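Keep in mind it's a predicted model, so treat the numbers as computed, not measured.
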Amino acid sequence: MNSNPYISSFARIRVLINAPLCIGHIILYLCSKNKSLIDSDINAWGKYRDFVDSRNKIKSLIRLIVIQPEFRVQFDLRIGRLSKLLIFFNRGGFADLGQCPNIGPGFVLMHGFGSVINGSAIIGENCTILHNVTIGAGRGGSPKIGNNVYIGAGAIIIGNVHVGNNVKIGAGAIVVKDVPDNCTIVSEKSHVIGYKNIL
């Protein structure tokens with residue numbers, strides 16, 4: 001993690017103003033049975049955000065809660081039903097993670113706006129999901145996603161498919177078949193299918 005975490009002046013002011021509103025988050029974090037999962041999520045965010053300091057989990061938690069609304073969705077998922085106590089702070093629904101209990105440690109929902117994950121999906125360790133991703137049920141069940149998987153913006157993974165470990169799924173890719181370990185999946189190259197005179 002970063003030895004000299006950087007945070008912009010504007011973000012620093014936001015954190016200072018909103019820090020008192022994070023008291024409930026801190027209490028629930030300290031009391032949560034999933035504290036180690038939240039710690040691993042905070043560490044994983046450190047790969048993407050300079051202001052995350054692995055040596056100070058409380059400070060990093062506050063910064064993520066204030067600056068990254070998608071992290072609040074993750075946090076709510078990790079603490080479960082107790083997240084309803086934070087309703088006055090958590091403004092707006094940024095993603096729908098259902099009540100998915102099967103997301104491993106080191107999860108990052110980066111720019112996770114509009115992402116939907118079916119509650120019965122299984123996601124391994126150290127996975128990153130970008131915005132507008134759908135991981136949904138289909139005939140036969142829900143996806144099972146391995147460890148160290150990166151899922152690009154707008155990707156769709158549907159049905160009883162298995163995505164292996166160390167896989168990258170490109171933006172806009174549609175996955176309806178099993179994906180082996182250690183590979184990259186992309187959508188087909190876009191192409192013109194016709195012309196229309198717009199004048």
Side-chain angles (χ1 to χ4, degrees), residues 1-80 82-83 85-97 100-115 117 123-133 135 145-153 155 165-169 171:
M1 298 301 119
N2 302 295
S3 59
N4 185 22
Y6 169 78
I7 184 169
S8 71
S9 297
F10 177 71
R12 191 182 305 275
I13 292 168
R14 282 180 58 200
V15 170
L16 288 173
I17 291 171
N18 288 286
L21 297 175
C22 295
I23 292 172
H25 294 83
I26 295 168
I27 293 169
L28 292 176
Y29 161 74
L30 293 173
C31 299
S32 175
K33 64 180 181 180
N34 288 331
K35 184 175 179 292
S36 62
L37 277 175
I38 298 168
D39 285 344
S40 67
D41 291 350
I42 291 170
N43 288 339
W45 270 91
K47 294 183 294 186
Y48 301 99
R49 293 293 182 254
D50 288 343
F51 60 76
V52 173
D53 183 355
S54 63
R55 298 165 302 174
N56 192 329
K57 292 293 192 299
I58 298 292
K59 183 185 287 185
S60 295
L61 175 70
I62 292 170
R63 288 175 172 178
L64 285 166
I65 291 291
V66 172
I67 298 170
Q68 301 289 155
E70 57 267 59
F71 179 81
R72 295 201 299 263
V73 176
Q74 285 184 233
F75 183 81
D76 289 352
L77 175 72
R78 296 302 196 192
I79 63 173
L82 291 175
S83 65
L85 299 172
L86 305 172
I87 193 168
F88 294 109
F89 189 85
N90 292 346
R91 300 176 294 275
F94 298 99
D96 181 3
L97 304 187
C100 188
N102 302 312
I103 298 178
F107 178 55
V108 174
L109 184 68
M110 179 65 65
H111 310 302
F113 306 97
S115 293
I117 301 176
I123 299 175
E125 300 178 7
N126 304 313
C127 290
T128 298
I129 295 175
L130 269 65
H131 53 286
N132 293 321
V133 167
I135 300 174
I145 297 171
N147 301 324
N148 307 307
V149 174
Y150 177 92
I151 304 174
N165 299 321
N166 310 307
V167 169
K168 292 182 180 178
I169 298 176

request  = Take N147 and N126 through the side chain to side chain contact (heavy atoms under 4.5 Å, CB included) test and state the conclusion after the steps.
outcome  = CA-CA 6 Å; N147 301 324; N126 304 313; 5.9 Å; no
task = Check the pair Y48 / H111 against side chain to side chain contact (heavy atoms under 4.5 Å, CB included), numbers first and verdict last.
result = CA-CA 11 Å; Y48 301 99; H111 310 302; over 6 Å; no
Verdict with supporting geometry, C22 and L61, side chain to side chain contact (heavy atoms under 4.5 Å, CB included) = CA-CA 9 Å; C22 295; L61 175 70; over 6 Å; no
message = Evaluate W45 against E70 for side chain to side chain contact (heavy atoms under 4.5 Å, CB included), listing each step before the verdict.
response = CA-CA 11 Å; W45 270 91; E70 57 267 59; 3.7 Å; yes
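Between R63 and F71, every side-chain heavy-atom pair lies at or beyond the 4.5 Å cut-off. Residues L37 and I103 fail the side-chain proximity criterion, which asks for heavy atoms closer than 4.5 Å. Two residues are said to be in side-chain contact when any heavy atoms from C-beta on lie closer than 4.5 Å; V133 and I169 fail this criterion.
Between atom CZ of residue R49 and atom CD1 of residue I67 there is a gap of 9.0 Å, rounded to the nearest 0.5 Å. Note that the NE2 atom of H131 and the CG atom of L109 stand 11.0 Å from one another [nearest 0.5 Å]. Atom-to-atom distance recorded for I38:CD1 and L30:CG is 9.5 Å, nearest 0.5 angstrom. The distance from atom OH of Y29 to atom CD1 of I65, rounded to the nearest 0.5 Å, is 11.0 Å. Interatomic distance, N165 CG to E125 CD, rounded to the nearest 0.5 Å: 9.5 Å. Taking CD1 from I151 and CD1 from I117, the interatomic distance works out to 7.5 Å, rounded to the nearest 0.5 Å.
Contact check on D39 versus K35 returns a salt bridge, with a Lys/Arg side-chain nitrogen under 4.0 Å from an Asp/Glu carboxylate oxygen. Under 4.0 Å is where a charged nitrogen must lie from a carboxylate oxygen, and between R78 and D41 at least one such pair does.
The minimum heavy-atom distance linking Q74 with F107 is given by the pair NE2-O, 2.8 Å. Across all their heavy atoms, C127 and G146 have their closest contact at SG-O, 3.2 Å. The two residues I23 and P20 have their closest heavy-atom pair at CG1-O, 3.2 Å. Here the shortest heavy-atom pairing between V149 and N166 reads CG2-N, 4.5 Å. In plain terms, the two heavy atoms of P105 and S40 that are nearest each other are CB-OG, 3.0 Å. Between I42 and S60, the shortest heavy-atom distance links the atoms CG2-CB, 3.7 Å.
Judged by distance alone, the side chain of S115 and the main-chain N or O of L130 form a donor-acceptor pair under 3.5 Å.
Using cut-offs of 30° and 60° for the angle between ring planes, the H25 and F75 rings count as tilted.
Atom NZ of K57 has more than 12 heavy atoms from other residues, nucleotides or ligands within 6.0 Å.
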